[in-house]
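Chain naming here is simple, since letters A, B, ... match the order of the sequence lines and numbering starts at 1 in each.
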Amino acid sequence: MSQAKAVADSHDQPAFRYNAATAQKIELKWQKRWDEEGTFWAANVDGDLTDGKQEHAGSKTPYFVIDMFPYPSGKGLHVGHPLGYIATDVVSRYHRMKGENVMHALGFDAFGLPAEQFAVQTGQHPRVTTEQNIANMRRQLHRMGLSFDDRRSFATIDPEYMRWTQWIFSKIYDAWYDPEYQRADGGVGSARPISELITKFKSGKMDIPGHQEGTWDSMSAAEQADVLNEYRLAYISKSPVNWAPGLGTVLANEEVTAEGRSERGNFPVFQKELKQWSMRITAYGHRLIEDLDTIDWPDKVKMMQKNWIGESHGASVDFEVKTTDGIKDMEVYTTRPDTLFGATFSVVSPEHDLLAYVPAQWEAGIPESWKGGFETPRDAVKEYRRIAESKTAKDRVADNGEKTGIFTGLYATNPITGAQLPIFTADYVLMDYGTGAIMAVPGGDQRDYDFATKYGLPVIYTVKPLPDSGDDLSNYEGSAPFVSHDGIVINSSVDSTHVGGVALDINGQRVDDAVQTVIAWLEEQHIGKGTVSYRLRDWLFSRQRYWGEPFPIVYDDNDVPYLLPDSMLPVNLPEVPDYSPRTFDPEDSESSPEAPLSRNDDWVYVTLDLGDGPRRYHRDTNTMPNWAGSCWYYMRYIDPKNSKNLVDPAEYDYWLGPDHNKTAGKSGGVDLYVGGVEHAVLHLLYARFWHKVLYDLGYVSSSEPFHKLFNQGYIQAYAYTDERGQYVPAAEVEEVPGSGENGKEPEFTWHGKPAFREFGKMGKSLKNIVTPDDMYDTYGADTFRLYEMSMGPLSESRPWNIRNVVGSMRFLQRLWRNVINEDTGEVSVTENSPDGKTLKVLNRTIAEVTVEMENMRPNTAISKLIVLNNHLTTLDSVPRAAVEPLILMLSPIAPHIAEELWNRLGHDESLAHTPWPVADEKYLGVENVTAVVQVKGKVRGKLEVSPDIDPEELEKLALALPAVQDRLGGKPPRKVIVKAPKIVSVVPAVK
RNA sequence: GCGCGCGUGGCGGAAUGGUAGACGCGCUAGCUUCAGGUGCUAGUGAGCGCAAGCUCGUGGGGGUUCAACUCCCCCCGCGCGCACCA
């Protein structure tokens, strides 16, 4: 029998010892009681979810703490999954004891690919398998004693939930972004109802793009729809999208890896021109960055969002290009307009429109390297485009640094110098960033420099290092560009013959000032303007899957889209003969998506009265991505059954509104949101975007969804292989005794044969899975919870080591023994007052543990509770007044044993709402402290002194110590630093 | 390449300028036990020493300070994110 097992085994032990069997009994008992009594119900201000047993919600401070929406996988949980759930449960229980009204609930994110695939494999409807998975997950989590308000649970697949997901879509669809709108919060720019835009078109306050002024009413429905589509926040895009034939669906940029493959399934992704739903998240790019300052998130996640959004400030500049078809404008985007004088050529992306005007013949004298061996520019460009098109987006980056390109035969006029710049096409310029065209400044940009070097293009430096930098332009000339912003502008004035000339290189002007100067000049000349660019692309929002939310959109026979009215929601999924996606050869870029929803004509074709009498329509057959449901679930916990509103506004204000408590501040939102860092730019960006739209449209009162975000680490695990490299069951591997000592690697055996340890994830194929159920059987839920919380800081990843669990079990056993006589089962505490030492330890522990709990450091809280418990163990009899606060402080972490002991100590009520202990100040100011005496920073003596000892007195005592005298060698000290009553630091005289 | 984070006993980790290694695992010895295990008591960074004690010690090197795991600079190693974004 393994040691670990023996601790928990009831065999041959005192009759009333705390062991796995006892734990099992009391855990099930308390879980039942909590359920029956609604112990963890959160009280709404009004309506059905006010909680009759508690004080009215309005009199309590709300505290909203949730985990990231779990996905009910068919595989069940292992011990790594619930780490975050246990952490939020500890926080929830702690806040309840502080007298707060705690919102803690869990729903299920149940649409999505794995559920659909699992259903296809098992031949069952995804709803059936998904609901089974949810039931299993609920069981596993319930057995852990998590303090959720179960009345508030739901799944994204519930028709009532889906109704509101579709409702939000319809509000986003029916809105546009007015960049000039003055918001009530003082900001500028807001989502507004599309009706306001139509009013502006009708009244002539805004021009109708591509149409005559004041002609709105005379335009056809299709024409109007096309115009509005360009403004709607949810719109039909007709641009290249990520198509993964192997998955049979299109994907958002965020779901495509840097290698140009699908995050799920790792299939190749191709750019394909398709009509798809998009969300205009780019309209919110600036606010999504700016408002990061108002929320309490890890810097790392903020940085990842900032990088993903990629806001850059620069200028667009118009270049004229002479073609056989007349003069064409080529707009370039640059972040360094100050280097306009250094532009010696131009590059357009292979997809750029300008390439339609490539001349038929090379001019005389074009270098061979520019031609790429082609007879005509048209052949060269055609072939270059063909190759570029065949590369996936990230193949282009693959050869990292080595730039290819071809001369187009075209020239652009530098608007500031009048110089003729040869235009190249090269795939290092991307069509979907900026304008797809750049002015190349080899003197100031590494990529342009590389390109210029390869094709023999001139290099002009327009910036030189600052005089006091110790750097000089000669260090760069002929070998590198000078890319720094810290520099003085040079070589940047035009001769007087050029119209509207401007000089940037005067008065030692520096780069940042020159940028402003040149932007002002460009705007004055109407040849450019200051602009902002984003790396962020609009969010591709449709998928060709069965298991997702249908769009509340129908089309008439002319394919004009119509939004279904709220009264027609939800649009439920139809039964289809086959709900599996149509997948293709993963490499088949010529294939096109086919939506499973299109397989049921009865569902697709409908006759509806949308206000102008019954007409025939066909439904949109796409479904929404998995992210849709998880974009807004947190607010539904507040009001899960509301059929009139997304969430009742008054309840929203109470739970999530700005300033709803001291934690959330002005941004409002969830007080604590715990989850893995993997959602940093997916879920968390999408949810913030939706939230801001709902905020702009007045449906929610807080500007951010999640005020504080905490990323928990991952639980990792050892896996073992045998000599052939096959995985062997980790549970059966033993460590060779003494092998891991003196710095040597430990050795392992599996059934007597050598085994080799590796470190990584927990997984079936690695044969190292430990499930929560294993833990309940062997130790009980409390030991499991305690162990996970004591392993180390919550934010760090660490290895699961089953061997160590026994320590947590022993702590609970000792606590139990301090209260219960193991042989008789009687309560054994004394009613006598604790002695002075015990009071000191107790009150110091209360003070310290409170701080640890506030800062989410359960690991150090636990170690301090153990110290207190170990102290109580040394006493002849354990005073009630000392052990009761200990039980209360342990209860958030190990709630079942705490409830049981609390109950046996004579309390009838659950301790869940019992006030958290408060330290008595008078025992914190201890009567004696240890003063440390240092000589040259090394501890040489200790003194027991009064805490309010006079510093001079302390100094005298310290200097009198023999160990100090010895080191002073009879000379007076050079310096003595006294920080009474803790430290005396003596500096001896120099020899 | 750029950005961020991390590096402490045999192991998980504690200490954010003031007694390095709290607490736990493991290990050693003793008690309990027919025995193993459990439980209990004590010890456990390394080196020297019978001991008192001394010396060394937080990836490496340098600096600031009376005092550095902690702050600053350089280097090494590991992890994460971004990566032709003009």
Side-chain angles (χ1 to χ4, degrees), chain A residues 1-9 11-14 17 19 258 298-301 303-304 307-308 310 312 314 332-336 347 394 396-397 399-403 426-430 432-441 444-448 450-451 533-535 677 680-681 735 737-746 787 790-793 796-801 803-808 810-811 813-814 817 822 857 859-860 862-867 870 873 930-939 941-942 963 973-977 979 982-988:
Chain A
M1 189 190 289
S2 75
Q3 281 182 10
K5 206 142 183 137
V7 189
D9 202 323
H11 185 63
D12 273 357
Q13 289 180 357
R17 172 161 293 172
N19 53 31
D299 288 342
K300 181 184 171 178
V301 176
M303 195 51 73
M304 284 165 73
N307 288 341
W308 187 263
S312 90
V332 306
Y333 175 74
T334 175
T335 55
R336 293 290 300 277
V347 186
K394 314 288 162 158
R396 288 185 173 193
V397 200
D399 36 37
N400 213 4
E402 180 61 21
K403 303 217 168 3
D427 64 10
Y428 80 91
V429 173
L430 310 173
D432 62 358
Y433 185 79
T435 59
I438 63 162
M439 59 178 217
V441 185
D445 182 278
Q446 187 66 51
R447 294 152 303 179
D448 297 345
D450 294 345
F451 196 86
S533 263
Y534 295 93
R535 202 190 87 109
V677 74
V681 289
E735 185 171 337
S739 66
E741 279 162 38
N742 304 324
K744 278 189 233 140
E745 281 290 307
Y787 174 61
S790 66
M791 288 169 80
E796 303 295 317
S797 293
R798 50 256 146 99
W800 175 266
N801 200 340
R803 203 171 68 170
N804 293 357
V805 178
V806 67
S808 299
R810 283 182 193 148
F811 167 43
Q813 279 181 342
R814 282 183 198 144
R817 197 156 43 228
E822 281 188 332
R857 289 193 298 251
N859 54 323
T860 45
I862 291 166
S863 100
K864 289 169 164 92
L865 294 175
I866 293 174
V867 172
N870 286 350
T873 306
T930 308
V932 175
V933 183
Q934 300 176 334
V935 181
K936 283 171 79 179
K938 291 215 184 294
V939 180
K942 290 169 190 179
R974 186 155 65 94
K975 199 172 176 185
V976 181
I977 293 114
K979 292 271 166 81
K982 292 291 287 180
I983 294 278
V984 181
S985 190
V986 182
V987 189

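Counting non-hydrogen atoms under 4.0 angstrom, A:Asn870 reaches the backbone sugars and phosphates but no base. Among the protein residues, A:Met791 comes within range of the sugar-phosphate backbone only, with heavy atoms under 4.0 Å from sugar or phosphate atoms but none that close to a base. Using a 4.0 Å heavy-atom cutoff across all strands shown, A:Asn859 reaches sugar-phosphate atoms only and no base atom. Within the nucleic acid shown, A:Ser790 has no heavy atom closer than 4.0 Å to any nucleic acid atom. Base contact: A:Val932 has a heavy atom under 4.0 Å from a base atom.
Remark: the separation of the P atoms in B:G10 and B:C48 is 16 Å, to the nearest Å. For B:G60 and B:G26, the C1' atoms lie 30 Å apart once the distance is rounded to whole Å. Remark: the separation of the C1' atoms in B:C11 and B:C4 is 28 Å, to the nearest Å. Remark: the separation of the C1' atoms in B:U55 and B:G5 is 35 Å, to the nearest Å. With P as the reference atom, B:C6 and B:G17 are 15 Å apart, rounded to whole Å. Here, B:C80 and B:C71 have their C1' atoms 25 Å apart, quoted to the whole Å. Taking atom C1' on both B:U28 and B:A14, the two are 24 Å apart, rounded to the nearest angstrom. If you take atom P in B:C31 and the same atom in B:G36, they sit 12 Å apart, rounded to whole Å.
Smallest separation of non-hydrogen atoms from A:Val429 and A:Gly436: CG1-O, 3.5 Å.
Distances shown here put every side-chain N or O of A:Asn307 at or beyond 4.0 Å from the OP1 or OP2 atom of B:A83. Taking side-chain N and O atoms only, A:Arg814 has no distance below 4.0 Å to OP1 or OP2 of B:G39. Distances shown here put a side-chain N or O of A:Lys975 below 4.0 Å from the OP1 or OP2 atom of B:C66. Look at A:Arg535 and you won't find any side-chain N or O under 4.0 angstrom from OP1 or OP2 of B:C82. Residue A:Tyr433 places at least one side-chain N or O under 4.0 Å from the OP1 or OP2 atom of B:A86.
Between the C1' atom of B:A14 and the CG atom of A:Leu865 lies a distance of 15 Å, rounded to the nearest Å. One interatomic measurement links the two molecules: CZ of A:Arg798 to C1' of B:C6, which rounds to 15 Å at whole-angstrom precision. At whole-Å resolution of the value, CD1 in A:Ile862 and C1' in B:G24 are 10 Å apart. With rounding to whole Å, A:Met439 atom CE is found 12 Å from B:A86 atom P. For A:Asn801 and B:C23, the CG to P distance is 20 Å, given to the nearest whole Å. Atom-to-atom, CD of A:Gln934 to P of B:G18 comes out at 10 Å; the value is rounded to the nearest Å. When the P atom of B:C84 is taken as reference, atom CZ of A:Phe451 falls 17 Å away, rounded to whole Å. As rounded to whole Å, 10 Å separates atom P of B:G24 from atom CZ of A:Arg810.
Glycosidic conformation, B:G9: syn, with the torsion inside 90° of 0.
For A:Ile866, the listed nucleotide lying nearest its side chain is B:C23; candidates were B:C25, B:C23, B:U19. With B:G81, B:A86, B:G26 as the choices, the nucleotide that has an atom nearest any side-chain atom of A:Arg803 turns out to be B:G26. If you check B:G39, B:A22, B:C84 against the side chain of A:Arg817, the one that comes closest is B:G39. Comparing atom distances between the A:Val806 side chain and each of B:C25, B:C84, B:A86 picks out B:C25 as nearest. For A:Arg17, whose side chain is taken as the heavy atoms from C-beta onward, the closest listed nucleotide among B:C84, B:A86, B:U38 is B:U38. In the set B:G26, B:A15, B:A86, B:A86 carries the atom at the smallest distance from any side-chain atom of A:Val429.
Both A:Val984 and A:Val677 lie close to RNA chain B; mapped to their nearest nucleotides by heavy-atom distance, the more 5′-ward contact belongs to A:Val984. Across the interface with RNA chain B, nearest-nucleotide mapping of A:Met304 and A:Gly792 shows A:Gly792 to be the residue nearer the 5′ end.
Counting distance only, with no hydrogens placed and no angle test, the side-chain atoms of A:Ser863 and the base atoms of B:A22 include a donor-acceptor pair under 3.5 Å. In this model, no side-chain donor or acceptor of A:Lys300 finds a partner on the base of B:C80 within 3.5 Å.
Atoms CE and NZ, from A:Met303 and A:Lys300 in turn, are 12.5 Å apart once rounded to the nearest 0.5 Å. How far OG of A:Ser863 is from CZ of A:Arg857: 11.0 Å, rounded to the nearest 0.5 Å.
When Watson-Crick and G-U wobble pairs are counted only if both distances are under 3.5 Å, B:C66 pairs with B:G18. The base-pairing partner of B:G30, taking Watson-Crick or G-U wobble contacts with both distances under 3.5 Å, is B:C40. If you check B:A46 for Watson-Crick or wobble pairing at under 3.5 angstrom, you find it paired to B:U55. B:C78 and B:G5 make up a base pair, with Watson-Crick or G-U wobble contacts both under 3.5 Å.
With hydrogens and angles disregarded, no donor-acceptor distance shorter than 3.5 Å links the side chain of A:Asn801 to the backbone of A:Asn804.
With sequence neighbours left out, A:Thr335 forms a side-chain hydrogen bond (donor to acceptor under 3.5 Å, both in side chains) with no residue at all. With sequence neighbours excluded, the residues satisfying side-chain hydrogen bond (donor to acceptor under 3.5 Å, both in side chains) with A:Thr873 are A:Asn818.
Side chains of A:Ile983 and A:Ile977 form no contact here, defined as non-hydrogen atoms less than 4.5 Å apart. Side-chain contact check for A:Tyr333 versus A:Ser312: some heavy-atom pair is nearer than 4.5 Å.
In this pair, A:Phe451 and A:Tyr428 present their aromatic rings tilted. The plane angle is within the 30 to 60° band.
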